Amino acid sequence: MNTDLLKELNPAQRKAAEAISGPVLILAGPGSGKTRVITYRIAYLVGTIGINPHRILAVTFTNKAAREMRERLEKLLSGSVKDMTLGTFHAICAGILRRDGEAIGIAKEFVIFDADDQEKLMKQAALDADIDPKKFPVGKIAAAISQAKSQMVTPDKFKEQGKSYFDEIVGRIYERYEKMLAQNNAVDFDDLLLKTVFLFKRKPEILKRYQERYLHIMVDEFQDTNLVQYELVKLLAGQHRNIAVVGDPDQSIYSWRAADLRNVFNFERDFPDASIHYLEQNYRSTARILEVASNVIADNRERKAIKLWTQNEPGEPVCLIEAYNEQEEAQLVVREAERLTFAKKYRLNDIAVMYRTNAQSRALEEAFIRYGVPYKLVAGTRFYERREVKDLIAYFRLIHNPADSISLMRIINVPPRGLGEKSLVEMQAWAREKGISFFEALDIASASTEKPTMAARALASFDIFFKMIQGFIADSKTLPLLELFDRIMEKSGYQVYIKAQPDGEERLENIGELHTVAEPFNALPPGEALSPFLESVSLVSDVDNLDETEGGVTLITLHQAKGLEFPVVFIVGLEEGVLPHFRSFDDPAQMEEERRLCYVGVTRAKRRLYLLRAFRRSLMGGSMTNEESRFLKSIPAHLTTAAASKDEPVQPLVPLQKKLYQYAERPAQPAPFVPASPPSGAVISRTHVRATPPAFKTGDQVKHAVFGDGVVISTLPVKDDTEIVVAFKTVGLKKLLLSFARLEKA
DNA sequence: GCCTCTGGATTTTTT
DNA sequence: ATCCAGAGGC
């Protein structure tokens with residue numbers, strides 16, 4: 001290989017790349033070339049030191065990052081590195097469980113349940129445990145269980161530690177849920193990590209095999225790993241201890257997913273001999289952008305200060321824009337995008353628009369469509385969440401793993417086969433009575449004289465369905481994947497069915513898309529393609545599919561934007577309540593994370609940065625006004641300009657309407673404080689109010705003595721009170737306690 | 001058993 | 001505002 005490889009690095013980068021023995025902690029600011037360091041480090045290990053790629057393990061945050069790193073390495077080394085283990089934690093663990101999971105009772109055909117499957121299973125688990133899923137929203141339960149799993153808390157431990165009534169409910173569902181996952185021969189996302197750790201702890205001989213194999217281990221985005229992931233890393237590195245982790249505490253934005261910043265600090269404790277490297281020179285952004293970023297993040301207290309600097313030119317001032325509402329905000333983005341590209345200075349590909357919540361993408365999309373500017377929406381209605389795609393995958397999953405009752409229930413009557421609720425419940429009860437899976441029950445009912453009591457017609461339908469799936473299972477062992485695909489589409493009647501649906505053509509196109517996704521697996525021998533195909537569709541993320549070669553402006557959440565860079569970045573919704581998000585208002589730690597999120601967004605920009613906010617924003621039908629984001633207040637005025645720059649010709653391709661507003665609607669004064677008069681003149685005590693709490697629910701129009709009219713966003717029972725979040729027309733979002741807030745229905 | 005309507009929830013971020 | 005699940009009618 002090219003022995004001058006390391007000359008392309010600056011001294012700090014080079015030292016970090018060459019520190020190949022023992023534990024290494026690399027603290028790398030945004031744009032400091034950390035991906036470059038990891039890549040060169042591996043190239044150095046393989047090309048110069050002569051390490052077999054088979055002995056290297058590298059963990060990335062997304063599949064896309066893994067793919068790109070592999071490509072770069074193949075170029076650098078002008079050879080294949082396919083033996084190297086390179087991927088996300090989830091993908092790597094799925095592989096380990098596929099190979100060795102049987103040692104802890106996970107059959108090879110296990111399937112990975114996504115959030116949707118999980119919720120369905122949890123609903124069943126709740127019903128089984130005599131808990132009304134309506135009273136305890138599965139979403140919240142799922143979050144609690146995921147949190148527990150990410151901290152390696154088993155159902156038993158969870159029940160022991162539980163403090164509240166809610167915990168008790170979760171504990172009961174958690175326990176049941178785990179059993180049902182096992183019955184379905186399924187694992188959820190958290191299990192991929194957790195079960196792998198469990199495997200290593202239970203089977204030291206298997207751990208030893210992996211420990212010996214991985215001479216060098218690298219973990220990127222270490223600040224966003226959780227406890228289980230760190231545990232896994234420590235286990236794997238236990239033998240050779242050549243472990244390099246790379247991260248930036250200022251870019252830690254996944255604590256809600258149980259990522260634990262303490263991992264970075266604990267690394268130094270757990271590996272006291274670790275060498276620490278700082279990468280502080282930024283090569284990405286203009287000096288002005290970098291200074292804006294530094295000012296934004298400087299207001300955080302909990303930091304391990306990385307001092308960023310750059311030799312880059314100052315560049316343009318950062319542009320601050322206030323729009324009237326989100327429609328105008330979007331329009332201004334589109335207009336500016338057109339202006340930048342019209343001068344041929346930038347291509348649409350160079351531009352990204354970033355936002356806090358997915359809901360914000362809507363107004364943007366509408367504007368891009370209206371003005372005919374091409375865009376790429378990173379999340380949208382996620383491809384793999386489309387009904388028709390999920391249906392077809394359910395067929396594949398059932399064929400692969402007949403124990404998967406969630407998939408079975410999804411498709412047994414799609415297309416309609418005359419199997420309604422009643423027959424299904426009946427068959428399910430029968431299966432449960434016998435202690436077998438739904439599919440096994442179908443088998444027995446089909447093959448023997450023993451049948452559940454129900455209409456002969458339903459039994460016949462079950463029989464036909466069972467034989468069809470059995471036929472597919474046989475086909476799956478002899479046919480290439482795509483032929484199996486086509487056969488399922490045809491024989492199940494799904495093709496005809498979906499085409500007849502509203503939007504049938506579009507849905508069929510989506511299935512065509514899935515067909516394309518399956519293509520690369522077609523070359524695998526029949527019977528061996530299904531498993532990797534299903535695994536890859538389970539583990540893809542939205543950013544994985546972001547195509548840089550396709551022309552268009554990228555619309556992306558701030559979270560998804562981590563690790564990416566663009567010459568031009570627009571961040572929209574810099575308002576109190578949006579960024580920072582109002583859910584973080586009463587938790588300083590969460591507020592710091594919001595600030596980091598803003599920092600991540602700002603540091604994505606190479607040359608041009610636009611920070612936008614809207615004076616008025618609609619939310620769930622209602623509308624409200626927000627103050628400017630506190631993050632904007634961290635930015636010194638001399639770095640910014642209020643107007644779009646003038647160095648490009650002002651000649652939008654599509655004429656835009658003139659500004660729609662004169663701030664006529666801006667409230668003159670906050671409403672004067674008028675104490676609400678008690679209905680009967682009597683003083684209302686807290687207890688009195690609580691004794692007759694008016695029931696508010698989401699969507700209710702309410703009136704507050706001080707804040708005026710608003711709409712209820714959410715209610716949450718806390719202790720012996722209720723916390724209500726209301727979006728007020730004039731003052732934005734407020735979190736109120738029912739017992740104190742004198743709220744009236746309007 | 002299938003279709004239509006309505007009430008309720010939904011919007012924080014995702015491998 | 002919009003989407004979904006469950007209820008009720010055909």
Side-chain angles (χ1 to χ4, degrees), chain A residues 59-66 87-94 112 114-116 118-120 123 133-134 137-140 142-143 146 149-150 188-193 221 224-226 228-229 252-259 354-363 378-379 381-382 384-385 387 413-424 455 457-458 461 502 538-544 556-562 573 577-585 590 593-594 596-598 600-601 617-623 697-700 711-715 725 727 733:
Chain A
V59 187
T60 56
F61 196 69
T62 62
N63 296 301
K64 180 168 179 265
T88 64
F89 272 111
H90 290 86
I92 290 168
C93 287
I112 300 165
D114 66 15
D116 199 50
Q118 265 182 63
E119 287 201 0
K120 281 185 186 153
K123 220 176 223 173
K134 273 192 204 131
V138 273
K140 290 227 170 72
S146 174
K149 286 190 173 189
S150 306
D188 62 25
F189 278 116
D190 299 307
D191 279 346
L192 287 171
L193 312 168
E221 306 284 8
D224 281 320
T225 53
N226 67 26
V228 189
Q229 290 167 333
S252 156
I253 53 173
Y254 281 94
S255 73
W256 50 273
R257 208 171 81 185
M354 303 179 185
Y355 37 82
R356 175 67 237 261
T357 66
N358 279 308
Q360 290 170 260
S361 68
R362 190 182 181 122
V378 174
T381 311
R382 299 189 177 94
Y384 289 102
E385 281 171 24
R387 212 186 64 209
N413 204 32
V414 181
R417 299 183 174 95
L419 292 169
E421 165 102 32
K422 203 159 154 261
S423 328
L424 292 179
R457 206 163 141 173
S461 282
S538 299
L539 298 176
V540 283
S541 69
D542 294 311
V543 249
D544 293 338
I556 191 169
T557 67
L558 287 161
H559 281 89
Q560 292 171 324
K562 189 177 74 157
V578 179
L579 179 63
H581 195 268
F582 75 93
R583 298 224 103 105
S584 65
F585 279 175
Q590 273 195 50
E593 181 148 317
E594 295 290 309
R596 292 195 292 269
L597 196 52
C598 183
V600 166
R617 191 173 287 279
S618 48
L619 183 81
M620 282 194 272
S623 146
K697 57 182 193 323
T698 307
D700 279 355
V711 57
V712 176
I713 299 299
S714 71
T715 62
V725 177
L733 290 166

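Owing to the predicted nature of the structure, the values given are computational and were not obtained by experimental measurement. Note that these values count all heavy atoms, side chains included, but never hydrogens, waters or copies made by symmetry. Numbered from 1 within each chain, the chains take letters A, B, ... in sequence-line order.
Contact annotation for A/Arg362: backbone-only contact, meaning every heavy-atom pair under 4.0 Å involves sugar-phosphate atoms and none involves a base. Contact annotation for A/Leu193: no contact, since no heavy-atom pair falls under 4.0 Å across all strands. Using a 4.0 Å heavy-atom cutoff across all strands shown, A/Phe89 reaches no nucleic acid atom at all. In this structure, A/Asn63 reaches neither bases nor backbone, as no heavy-atom distance under 4.0 Å exists between it and the strands shown.
With A/Ser255 as reference, A/Glu593 is the one residue of A/Glu593, A/Gln590, A/Arg596 to meet the side-chain hydrogen bond (donor to acceptor under 3.5 Å, both in side chains) rule.
Between the side chain of A/Asp224 and the backbone N or O of A/Tyr254 there is at least one donor-acceptor pair closer than 3.5 Å. Remark: the backbone N or O of A/Thr357 is paired with a side-chain donor or acceptor of A/Gln360 at under 3.5 angstrom. Under the 3.5 Å distance criterion, the side-chain polar atoms of A/Asp544 are matched with a main-chain donor or acceptor of A/Asn63.
Each of A/Leu419 and A/Ala115 was assigned the nucleotide of DNA chain B with the nearest heavy atom; the assignment lying further toward the 5' end belongs to A/Leu419. When the nearest nucleotides of DNA chain B are assigned to A/Ile253 and A/Gly420 by heavy-atom distance, the more 5′-ward of the two goes with A/Gly420.
Between the side-chain ring of A/Phe189 and the base of B/dT15, a stacking contact exists by the 5.5 Å and 30° definition.
What separates CD of A/Glu119 from P of B/dT10 is a distance of 10 Å, to the nearest Å. A straight line from CG of A/Asp191 to P of B/dT15 spans 18 Å, rounded to a whole angstrom. If you measure from atom CZ of A/Phe585 to atom C1' of B/dT13, you get 16 Å, rounded to the nearest angstrom. Taking atom CZ of A/Phe61 as the reference point, atom P of B/dT13 lies 15 Å away to the nearest angstrom. At whole-Å resolution of the value, CZ in A/Arg457 and C1' in B/dG1 are 9 Å apart. Separating the CZ atom of A/Arg417 from the P atom of B/dC2 is a distance of 11 Å, rounded to the nearest angstrom. Taking atom CG of A/Leu558 as the reference point, atom C1' of B/dT13 lies 9 Å away to the nearest angstrom. The distance between atom CZ of A/Arg387 and atom C1' of C/dC4, rounded to the nearest whole Å, is 12 Å.
Donor-acceptor pairing under 3.5 Å, judged by distance alone, is present between the side chain of A/Arg356 and the base of B/dT13. Between the base of B/dT15 and the side chain of A/His90 there is a donor-acceptor pair shorter than 3.5 Å. The base of B/dT12 is not paired with the side chain of A/Trp256 by any donor and acceptor separated by under 3.5 Å.
OP1 or OP2 of B/dT14 has at least one side-chain nitrogen or oxygen of A/Thr557 nearer than 4.0 Å. Side-chain N/O atoms of A/Gln560 include none lying less than 4.0 angstrom from OP1 or OP2 on B/dT13. Residue A/His581 has a polar side-chain atom (N or O) positioned under 4.0 Å from OP1 or OP2 of B/dT12. At B/dC2, one or more side-chain N or O atoms of A/Asn413 fall inside 4.0 Å of OP1 or OP2 (strictly under the cut-off). Here A/Asn358 reaches the OP1 or OP2 of B/dT13: one of its side-chain N or O atoms lies under 4.0 Å away.
By the 6.0 Å contact criterion, CZ on A/Arg387 is enclosed, its count of non-hydrogen atoms from other residues, nucleotides or ligands being greater than 12.
Looking only at side-chain heavy atoms (C-beta outward), A/His90 and A/Leu193 come within less than 4.5 Å of each other.
In the set B/dT11, C/dG6, B/dT13, C/dG6 carries the atom at the smallest distance from any side-chain atom of A/Lys123. Between B/dT15, B/dG1, B/dT12, one nucleotide has an atom nearer to the side chain of A/Lys422 than all others, and that is B/dG1.
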